[in-house]
Structures are given as structure tokens and as C-alpha cells.
Amino acid sequence: MICGRRVRRFLSAAAAVMAGPRPVVLSGPSGAGKSTLLKMLLKDYEGVFGFSVSHTTRQPRPGECNGKDYHFVSREEMQRGIDNGEFIENAVFSGNMYGTSKAAVQAVQAKNQICILDIDMQGVKNIKKTDLNPIYISIQPPSVDILERRLRDRKTESEESLQKRLQAAREDIEISKEPGLFDSVIINDDLEAAYDQLKDTLKEEIEKAQSSKTS
Ligand SMILES: Nc1ncnc2c1ncn2[C@@H]1O[C@H](COP(=O)(O)OP(=O)(O)OP(=O)(O)O)[C@@H](O)[C@H]1O
Ligand SMILES: Nc1nc2c(ncn2[C@@H]2O[C@H](COP(=O)(O)O)[C@@H](O)[C@H]2O)c(=O)[nH]1
């Protein structure tokens, strides 16, 4: 009996190792600081994290790279991929289509890296229906007024897009308070403090990923 239990424990530990590190979902309002924080992680922990490159139908911003920041595609191409079952999740945000392809996640997991998904609240709800089993982290702004200032200063949005994003942000701020929806909710007021909190939340996974690289 004890032996059976030990074998089961051994097998489930072995399965966890074989499955690789748990992915990480970073969500939160547009402009809350998700990309800023994830770029810090990717730079400081080279080879430990890998970014799940989403598909989108929105136009690239100055400096954004196709295949690195997003796969920029037409609505027709995106819809074809969705119809062919190529996406784990997809959503319409501020009038544009976004989605996480199975290939994007597999490309990171094949390298045994911690896969980071930067997705909106609809994506969070849809990923919860899958067996991806990520760590869910919400990045929140200190207030809607500060969020608006950051988005305006970023100079990436038209007035129409900015207003849509602010409306989605108000909804996101409310939904993110739902108990159990996120493993951690980080208020990005001071950037360094928010980054420290993010690293602390991911400490165990980072250590596991680092030790599996050296062993
Ligand atoms: N703690 C902070 N204090 C001041 N400015 C910040 C802070 N964090 C991020 N920013 C700035 O706010 C703007 C929005 O940040 P960022 O682009 O990372 O947001 P995001 O959540 O990834 O947005 P989106 O979902 O639209 O891609 C950027 O110009 C960034 O430099
Ligand atoms: N559900 C998904 N949401 C995504 C995905 N990729 C990005 N996003 C979210 O969209 C908004 C807007 O992004 P932006 O780059 O246009 O500012 C933001 O909240 C992202 O998190 C995705 O694959 N699925």
C-alpha cells in the first residue's frame, strides 16, 4: 500500500518534470505595463523565459517586429487559422482580433522555457477552460487616470482606440477583483517595486527552470 502510494507520488513528480515549467499568463488593462515587465524578465533571465508570440489583425506600431512582437496578419488569415483549430484562444479587443496559437506556445515549451502569454481578460477566461495550467498574474495600474496618462504618453493610440481601451480597463479592474481568478494581482505604481513583486511570485518556477538547465 505504502509502496503503491510512493510509486504514484514518484510518477506524478516525473510527469511534472516531463511536462516542463508552468506557463505564465500576464493580463491586465492595456497600458498597465505588461510588456514593460515581461521585457525586463526576458532580458534579466535569458533562456529561462520565452514569449508566446500572438497573432493580431491590428497594424504594427513603429518599432514592432513581425514574428517577434506579434504575427501581424489579415482578418482572413486569422479567421482561417481559428477555423482550422490552430488557436488555443482568441478574442476581439478594441476592434482587432488577437489570438494565441498552439504553435506559439509549443515553440517555447520545446525549448523547456517558461512560456509567457500576454493576453486580455477574455483570453484568461478561455485559457481557464484548457489544460495549459499556467500561473495567472494580473498587472493593474494605480488608477484609471494614471493609466490614461501612460497610454497618452505612449502615443500609440488614436483617440477612438484610447477610449475603447479605457472602457475595457474599467471592466478589467472590476473583474480582476474576483477571488481566485488570479494567483497574484500586482499594482504597477513604482516599476521596480512591481518588478520585484513579479519576480517574487515567479521565484519557485524560475529556480526550477534554472536548476533543470544546469542539471
Ligand atoms: N511603473 C510605471 N511608471 C510609469 N510608466 C510606466 C510604468 N510601467 C509602464 N510604464 C509606461 O506605460 C506605458 C504602457 O506600458 P506597456 O506598454 O508596458 O503596457 P501594456 O500593459 O503592455 O499595454 P498593452 O496591453 O497595450 O500592450 C509605456 O509607455 C511604459 O513605458
Ligand atoms: N486574448 C488575447 N489577448 C491578447 C493577445 N495578444 C495580446 N493580447 C491583449 O490585447 C490587448 C491589446 O494589445 P496591444 O498590443 O494592441 O496593445 C492587451 O490587453 C494584450 O494583453 C492574445 O493572443 N490573446
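The first residue of the sequence shown is numbered 1, and numbering continues consecutively from there. In each ligand, atom 1 is the first atom listed, and ligand 1 is the first ligand listed.
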(message) Is Q122 close enough to touch ligand 2? Criterion: a residue heavy atom under 4.0 Å from a ligand atom.
(response) no
(request) Give the residue, atom name and distance (to 0.1 Å) of the protein heavy atom nearest atom 26 (O) of ligand 1. (result) S30 OG, 2.6 Å
(message) At less than 4.0 angstrom from any non-hydrogen atom of D118, what atoms of ligand 2 do you find?
(response) 4 (C), 5 (C), 6 (N), 7 (C), 8 (N), 20 (C), 21 (O)
(request) Give the residue and atom name of whichever protein heavy atom lies nearest to atom 23 (O) of ligand 2, and the separation in Å to one decimal. (result) S54 OG, 2.6 Å
(request) Considering heavy atoms of the protein only, find what lies nearest to atom 8 (N) of ligand 1 and give residue, atom and distance to 0.1 Å. (result) N188 ND2, 3.0 Å
(request) Please examine the side chains of E171 and M121, heavy atoms only from C-beta on, and report whether any two atoms are closer than 4.5 Å. (result) no
(request) State plainly whether one hydrophobic cluster holds both L42 and I139, where clusters connect Ile, Leu, Val, Met, Phe, Trp and Tyr through side-chain heavy atoms under 4.5 angstrom apart. (result) yes
(message) Using a plain distance cutoff, I'd like to know if R150 has any nitrogen or oxygen under 3.5 Å from a nitrogen or oxygen of ligand 1.
(response) yes
(request) Please work out which of K34, H71, R154 has its closest non-hydrogen atom nearest to atom 19 (O) of ligand 2. (result) K34
(message) Tell me whether the NZ or CZ atom of K128 lies within the 45° cone about the ring axis of Y136 and under 6.0 Å from its centre.
(response) yes
(request) Answer yes or no: is there a side-chain heavy-atom contact under 4.5 Å between I135 and L202? (result) yes
(request) Give the atoms of ligand 2, by number and element, whose distance to some non-hydrogen atom of R61 is under 4.0 Å. (result) 14 (P), 15 (O), 16 (O), 17 (O)
(request) Would you mind checking which non-hydrogen protein atom is closest to atom 24 (N) of ligand 2, with the distance to 0.1 Å? (result) E89 OE2, 2.7 Å
(request) Find out whether L117 and L132 are in side-chain contact, i.e. whether some heavy atom of one side chain is under 4.5 Å from a heavy atom of the other. (result) yes
(request) Tell me which one of K34, K39, E192 gets a heavy atom nearest to atom 20 (P) of ligand 1. (result) K34
(request) Would you check the N or O atoms of A91, main chain and side chain alike, for any that come under 3.5 Å of an N or O of ligand 2? (result) no
(request) For residues Y98 and T57, determine if any side-chain heavy atom of one lies less than 4.5 Å from a side-chain heavy atom of the other. (result) no
(request) For ligand 2, note which part of H55 has a heavy atom under 4.0 Å away: side chain, backbone, both or neither. (result) neither
(request) Could you tell me whether some N/O pair between S35 and ligand 1 is separated by less than 3.5 angstrom? (result) yes
(message) Give me the residue, atom name and distance of the protein heavy atom closest to atom 28 (C) of ligand 1.
(response) R154 CD, 4.0 Å
(request) Consider only side-chain heavy atoms of I, L, V, M, F, W and Y, link residues closer than 4.5 Å, and tell whether I137 and L181 are in one cluster. (result) no
(request) Please write down residue, atom name and distance for the protein heavy atom closest to atom 19 (O) of ligand 1. (result) G33 N, 3.1 Å
(message) Please state which option from D172, D120, T56, N96 has its nearest heavy atom closest to atom 1 (N) of ligand 2.
(response) D120
(request) Report, in ascending order of atom number, the atoms of ligand 1 lying under 4.0 Å from any heavy atom of T36. (result) 9 (C), 15 (O), 16 (P), 18 (O), 30 (C)
(request) Check ligand 1 against D189 and write out every atom of the ligand that is under 4.0 Å from a heavy-atom position of the residue. (result) 1 (N), 2 (C), 3 (N)
(request) Do me a favour and list the nearest non-hydrogen protein atom to atom 23 (O) of ligand 1 with residue, atom name and distance? (result) G31 N, 2.8 Å
(message) Grouping I, L, V, M, F, W and Y whenever their side-chain heavy atoms are under 4.5 Å apart, do L26 and I114 come out in a common cluster?
(response) yes
(message) What I want to find out is whether R58 reaches E64 closely enough, with some N-O distance under 4.0 Å, to be called a salt bridge.
(response) yes
(request) Any atoms of ligand 2 less than 4.0 Å from a non-hydrogen atom of R58? List them with their elements. (result) 14 (P), 15 (O), 16 (O)
(request) State whether the shortest distance between N or O atoms of Y98 and N or O atoms of ligand 2 falls below 3.5 angstrom. (result) yes
(message) Less than 4.0 angstrom from a charged side-chain N to a carboxylate O is my criterion; do E77 and R80 meet it?
(response) no
(request) Can you label the angle between the H55 ring and the H71 ring as parallel, tilted or perpendicular, going by 30° and 60°? (result) tilted
(message) Closer than 4.0 angstrom, basic N to acidic O: yes or no for K43 and E46?
(response) no
(request) Determine yes or no for a side-chain-to-main-chain donor-acceptor pair under 3.5 angstrom, with Q163 supplying the side chain and E160 the backbone. (result) no
(message) Quick test: of every protein heavy atom, which one is nearest to atom 13 (O) of ligand 2, and how far off is it to 0.1 Å?
(response) Y70 OH, 3.3 Å
(message) Within the structure provided, determine whether K164 and F93 are in side-chain contact (heavy-atom separation under 4.5 Å).
(response) no
(message) Check for me whether R165 has a heavy atom closer than 4.0 Å to any atom of ligand 1.
(response) yes
(message) Looking at ligand 1, is there an atom of it that comes within less than 4.0 Å of some heavy atom belonging to P29?
(response) yes
(message) Quick check on the hydrophobic clustering: are L198 and V24 connected, directly or via other members, by side-chain heavy-atom contacts under 4.5 Å?
(response) yes
(request) Heavy-atom contacts with L191 under 4.0 Å: which atoms of ligand 1 show up? List them by number with element. (result) 1 (N), 8 (N)
(request) Record the part of M97 in heavy-atom contact with ligand 2 below 4.0 Å; permitted values are side chain, backbone, both and neither. (result) neither
(request) Below 4.0 angstrom from a heavy atom of G123, which ligand 2 atoms are there? Numbered from 1 as shown, please. (result) 1 (N)
(request) Identify, by atom number and element, the atoms of ligand 2 in contact range of R165, meaning under 4.0 Å from any of its heavy atoms. (result) 12 (C), 14 (P), 16 (O), 17 (O)
